Chemist: 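Starting off with a structure, shown below.
In each ligand, atom 1 is the first atom listed, and ligand 1 is the first ligand listed. Note that the structure is predicted; figures quoted are calculated from it, not measured.
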Amino acid sequence: MRIGIVADIHANLPAFVRVLTKLQEAGAADQLWCLGDMVGYGPWPNECLELLQTHSHLCMPGNHDWGVIGRTEAALLNDAALFVLNWTKEQLSRPNWTYLEALTLIQKVPDPPFTLVHGSPRDPIWEYLVETKDASPCFRFFDTPICLVGHSHLPLIFRKAAGKTTVSAPADGTVLPLGADRLIINPGSVGQPRNGDPRAHYAILDTAAHTISFHRVVYPIVLTQARMRDLDFPTMLVQRLDVGQ
Ligand code: ZN
């Protein structure tokens, strides 16, 4: 079985559509694992949530998703993010609001055994895992071999072996064999990457081959930017899509 892994779609419909097409081509679109932040920053919150729900999927809430429905302190976001969050709040359909309210913070998949969460297994909504000093203590907070996270918008692999935690940044096309080591993995962001590569990022779990592969795909950024400009979204949010920051 192949499972598509996506995170931080952030209401960027052209990016999400492109990723879904690639997952379809790879036979990995029948089951999706979505690691939160479907909304925020981008201009198509309802459309992205509705498209996600047309697939068999598991989904955890992110800080933007919970910020919109008032479950977490939205004031922790910067002004630009807050602007779009308030706009999203006005736009979100009742069924999508109900969908976000029903999401659970952490999901443990029994087979194959995985833990899925947005931020970290220690703090599912807000903790960013970027450095080994932050990731290392988090291995105590889940009991499956691998935990998948989003939130930082950076494709990263944290590995715990012989008591030591190391980190690496997978390139486009990296195939990671899943062995005995415990891992925390971020597939990168679909809708707003921050690793200097503006392409949409995603990953594929192949349960037969025991691998996770990392991928990036070009999408029509100008379409997303045009709609953001039409809606008077903060310029900084429009421009950052060009550079992947
Ligand atoms: Zn995010």
Side-chain angles (χ1 to χ4, degrees), residues 5-16 19 32-49 51-52 57-89 92 96 99-100 103 105-107 116-130 134-135 138 147-156 169 184-203 214 216 219 221 224 228 233-234 236-241 243-245:
I5 303 168
V6 293
D8 298 280
I9 296 165
H10 281 297
N12 188 337
L13 188 65
F16 189 30
V19 165
L32 300 180
W33 290 352
C34 178
L35 307 168
D37 272 3
M38 287 72 72
V39 306
Y41 293 131
W44 285 286
N46 285 313
E47 292 83 351
C48 285
L49 282 168
L51 184 55
L52 177 65
H57 72 285
L58 297 175
C59 186
M60 279 57 56
N63 52 314
H64 287 254
D65 307 315
W66 265 25
V68 165
I69 61 169
R71 282 263 177 95
T72 189
E73 191 49 76
L76 292 171
L77 296 170
N78 64 42
D79 286 352
L82 206 51
F83 176 93
V84 182
L85 185 130
N86 287 327
W87 175 84
T88 304
K89 211 175 262 190
L92 204 66
N96 284 334
Y99 172 83
L100 291 182
L103 297 177
L105 278 176
I106 300 186
Q107 294 217 26
L116 314 179
V117 68
H118 179 66
S120 84
R122 178 165 63 177
D123 177 353
I125 288 290
W126 284 106
E127 183 173 31
Y128 289 91
L129 298 184
V130 177
D134 303 315
C138 285
C147 176
L148 300 179
V149 301
H151 195 41
S152 72
H153 300 204
L154 303 170
L156 291 173
I184 297 175
I185 296 173
N186 189 325
S189 167
V190 170
Q192 195 201 78
R194 293 180 189 158
N195 57 333
D197 185 336
R199 292 178 289 177
H201 291 54
Y202 63 100
F214 296 82
R216 303 173 188 186
Y219 74 95
I221 292 175
T224 305
M228 290 168 84
F233 278 15
M236 167 264 199
L237 294 181
V238 179
Q239 290 174 342
R240 75 190 302 181
L241 294 179
V243 287
Q245 286 296 350

Chemist: Are the side chain of H153 and the backbone N or O of S189 linked by a donor-acceptor pair below 3.5 Å?
Modeler: no
Chemist: Do any N/O/S atoms of H118 come under 2.8 Å of the Zn ion (ligand 1)?
Modeler: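 Here the distance criterion (N, O or S atom, under 2.8 Å) is not met by H118, so no.
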Chemist: Work out the angle at the Zn ion (ligand 1) between NE2 of H153 and OD2 of D37, rounded to 10°.
Modeler: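 For NE2 of H153 and OD2 of D37, the angle centred on the Zn ion (ligand 1) reads 180°.
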Chemist: Run L52 and Y99 through side chain to side chain contact (heavy atoms under 4.5 Å, CB included) and show every step you take.
Modeler: CA-CA 11 Å; L52 177 65; Y99 172 83; 3.7 Å; yes
Chemist: Got a sec: is H151 within less than 2.8 Å of the Zn ion (ligand 1) via an N/O/S atom?
Modeler: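 False for H151.
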Chemist: Taking the N/O/S atoms of H10 one by one, which is nearest to the Zn ion (ligand 1)?
Modeler: NE2
Chemist: Under the 3.5 angstrom rule, does the side chain of H10 hit a backbone N or O of V190 as a donor-acceptor pair?
Modeler: no
Chemist: Which N/O/S atom belongs to D8 and is the closest one to the Zn ion (ligand 1)?
Modeler: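 Sorting the N, O and S atoms of D8 by distance to the Zn ion (ligand 1) puts OD1 first.
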Chemist: For the side chain to side chain contact (heavy atoms under 4.5 Å, CB included) test, which of N195, L129, D8 pairs with L154?
Modeler: N195
Chemist: If you compare all heavy atoms of H118 against all heavy atoms of P61, which two are closest, and at what distance to 0.1 Å?
Modeler: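 Shortest heavy-atom contact: CB-O, 3.3 Å.
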